[in-house]
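Quick caveat, the model's predicted, so the values are computed rather than measured. Residue numbers begin at 1 in each chain, while the letters A, B, ... track the order of the sequences.
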There are 2 protein chains.
Amino acid sequence: MSLITTRSRYGLRLLIELADRAGSAPIDLGSVARNQDIPELYLSKLAATLKAAGVLRSERGAKGGYRLARRPEDISILSVVEALEGRSSLLECTDDPAICARSGECRTLPVWSGLDKAINDYLRGVSLADAAVAVIDYSI
Amino acid sequence: MSLITTRSRYGLRLLIELADRAGSAPIDLGSVARNQDIPELYLSKLAATLKAAGVLRSERGAKGGYRLARRPEDISILSVVEALEGRSSLLECTDDPAICARSGECRTLPVWSGLDKAINDYLRGVSLADAAVAVIDYSI
DNA sequence: CTTTAGTAGACTATTTTGGTCTATTAAGGA
DNA sequence: TCCTTAATAGACCAAAATAGTCTACTAAAG
């Protein structure tokens with residue numbers, strides 16, 4: 001398995017660091033890759049994907065880099081995961097009925113659709129701002 | 001991806017058919033494989049896994065087969081998915097802190113732990129009896 | 001003692017994951 | 001105008017997971 005692969009995990013770490021270091025200048029991926037111990041060439045592909053999804057903006061050339069396209073409160077983790085994992089839902093047949101050609105009435109579909117909804121509801125409800133909170137106090 | 005692979009999908013279809021056809025005699029996998037259009041040898045491996053997990057009981061030899069080990073109301077979909085996908089949680093680092101050796105305080109972990117909980121809560125709350133309801137009326 | 005059906009485990013093809021490599025384009029600064 | 005920095009594009013690749021298959025064996029019914 002994984003619903004959440006290194007793509008989402010690395011991607012979220014990138015976004016949190018961009019949120020932390022947000023300012024007037026864009027942030028180059030090389031520094032993020034070093035700080036986060038993520039292969040830079042791999043990270044650059046993830047950043048390009050997030051840019052295509054409208055989550056990041058970039059500036060090329062010397063002193064260039066990436067910055068968040070929106071405020072952290074306005075970036076849902078769902079949009080990040082969907083962009084990086086490249087799929088709209090848990091099961092293909094949830095979207096595309098043609099895949100489950102055989103049985104007209106699929107009795108397992110409601111279970112998986114419900115799971116899909118539970119996952120999406122959770123991820124939609126968490127923003128980058130929530131994730132980027134410096135310290136989470138578990139003792140409360 | 002998938003959190004839910006053919007293992008869980010085929011497995012749930014097997015369990016629903018076993019629930020439907022429950023009676024005095026055990027049900028042979030061959031008939032289920034034909035009805036559900038699932039490769040029999042593959043299905044037999046899934047059934048063996050579900051037996052090892054305590055979800056199914058079996059009888060060998062002619063007229064043998066499988067039956068549910070418990071009532072459908074007492075079989076959670078979570079136990080089925082966990083048995084067949086063979087993992088206890090979404091992320092290894094949720095269970096095993098040794099994997100995330102680098103950063104002492106991981107800021108992405110709360111997000112993924114929350115997702116893991118959302119998934120497990122949902123799957124724990126759905127039983128085979130819920131899944132095996134003959135017709136689900138979506139029009140309500 | 002033959003047939004049916006579960007059991008055990010090695011084996012395999014395909015896809016996905018997690019990258020790498022090379023080359024190019026754009027912008028800043030000397 | 002070069003030189004350097006850094007994003008962009010896309011082919012490439014190794015390892016792991018997925019989705020099976022194959023063979024041989026064991027147990028029970030008739």
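- At a threshold of 4.0 Å, the pair R21(A)-E17(A) counts as salt-bridged, since one of the basic side-chain nitrogens sits closer than that to a carboxylate oxygen.
- Comparing A62(A) and S58(A) by the nucleotide of DNA chain D that holds the closest heavy atom to each, the one mapping nearer the 5' end is A62(A).
- Proximity note for L41(B) (side chain, C-beta onward) versus dC22(D), dG20(D), dG18(C): the nearest is dC22(D).
- At a threshold of 4.0 angstrom between heavy atoms, the contacts of K45(B) include nucleobase atoms, whether or not backbone atoms are also involved.
- Regarding contacts with the backbone of dA19(D), a side-chain N or O of T6(B) is found under 4.0 angstrom from either OP1 or OP2.
- Remark: P of dT18(D) and CG of L3(B) are 11 Å apart, rounded to the nearest angstrom.
- Using modelled atom types and a 3.5 Å distance limit, the side chains of Y10(A) and T5(A) yield no donor-acceptor pair.
- What separates CG of L56(B) from P of dG6(C) is a distance of 11 Å, to the nearest Å.
- Across the interface with DNA chain C, nearest-nucleotide mapping of D28(B) and Y42(A) shows D28(B) to be the residue nearer the 5′ end.
- Here dA7(D) presents its C1' atom at 13 Å from CG of L14(A), a figure rounded to the nearest Å.
- L50(A) has its CG atom 13 Å from the P atom of dA7(D), to the nearest Å.
- For the residue pair S113(B)/D116(B), the side-chain donor-acceptor check at 3.5 Å is not satisfied.
- Taking atom CZ of residue R60(B) and atom P of nucleotide dA5(C), one finds them 14 Å apart after rounding to whole Å.
- Closest approach to the Y10(B) side chain among dT26(D), dG20(D), dA19(D) is made by dG20(D) (side chain taken as heavy atoms from C-beta onward).
- A straight line from CD of E40(A) to P of dA6(D) spans 9 Å, rounded to a whole angstrom.
- Contact annotation for G30(B): no contact, since no heavy-atom pair falls under 4.0 Å across all strands.
- As a whole-Å value, the separation of I4(B) CD1 from dT18(D) C1' is 14 Å.
- Side chain of Y66(B), nearest nucleotide from dT18(D), dT8(D), dT7(C): dT7(C).
- When rounded to the nearest whole Å, the span between CZ of R67(A) and P of dA7(D) equals 12 Å.
- In this model, the phosphate group of dT7(C) is approached by a side-chain N or O of K51(B) to a distance below 4.0 Å at OP1 or OP2.
- Between R124(B) and S79(B), the side chains place no donor N or O within less than 3.5 Å of an acceptor N or O (distance only, hydrogens not considered).
- Between the side chain of R67(A) and the backbone N or O of G23(A), at least one donor-acceptor pair lies under 3.5 Å.
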